[in-house]
> 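Before anything else, here's the structure in question.
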Amino acid sequence: MLPIKDLESVTGYIRGGCSPIGMKKQFPTFIADVAESQERILISAGKRGFQVGLNPQALAEVIQVQFVSISRTM
């Protein structure tokens with residue numbers, strides 16, 4: 001995760017306007033592996049307050065996504 005203070009200078013995006021779709025630079029995109037089995041997930045649409053719902057497999061076909069385990073059971 002990128003510190004908020006570095007967000008705009010590194011990515012060119014403002015807070016709340018970051019989306020894995022249409023990045024100006026290709027950054028690694030990681031999504032929780034539990035999302036992979038869902039019919040639809042919500043992601044940022046690139047503008048603060050806007051989301052888009054789509055199939056996670058369709059997203060993976062458009063951008064380079066890695067579904068990874070990001071949580072652990074206690």
Side-chain angles (χ1 to χ4, degrees):
M1 296 290 291
L2 186 65
I4 295 291
K5 67 179 180 62
D6 299 330
L7 180 65
E8 190 170 0
S9 65
V10 172
T11 68
Y13 296 110
I14 61 168
R15 182 178 180 196
C18 300
S19 175
I21 299 173
M23 289 188 270
K24 297 173 186 174
K25 297 178 187 176
Q26 187 61 49
F27 291 96
T29 301
F30 302 98
I31 299 177
D33 57 3
V34 296
E36 192 171 13
S37 64
Q38 301 301 308
E39 184 175 317
R40 187 171 81 142
I41 60 173
L42 296 176
I43 63 167
S44 172
K47 184 174 180 182
R48 190 177 286 185
F50 290 85
Q51 292 79 39
V52 62
L54 47 89
N55 179 279
Q57 297 305 322
L59 177 63
E61 290 176 17
V62 176
I63 63 169
Q64 295 177 349
V65 168
Q66 291 181 26
F67 294 100
V68 297
S69 177
I70 60 172
S71 61
R72 60 184 158 164
T73 304
M74 302 294 254

> Check side chain to side chain contact (heavy atoms under 4.5 Å, CB included) between Val10 and all other residues, then give those that pass, not counting sequence neighbours.
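Val10 satisfies side chain to side chain contact (heavy atoms under 4.5 Å, CB included) with Leu2, Asp6, Phe27 once adjacent residues are dropped.
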> Under 3.5 Å, which donor-acceptor pairs link side chains of residues 49-63 to any protein atom two or more places apart or in another chain?
from	atom 1	to	atom 2	distance (Å)
Asn55	OD1	Gln57	N	2.8
Asn55	OD1	Ala58	N	3.2
Asn55	ND2	Glu39	O	3.2

> Rest of the hydrophobic cluster containing Val68 (Ile/Leu/Val/Met/Phe/Trp/Tyr, side-chain heavy atoms under 4.5 Å)?
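Val68 shares its hydrophobic cluster with Phe30, Ile70.
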> In Å and rounded to the nearest 0.5 Å, what is the CG to CZ distance from Asp33 to Phe67?
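Asp33 CG to Phe67 CZ: 9.5 Å, rounded to 0.5 Å.
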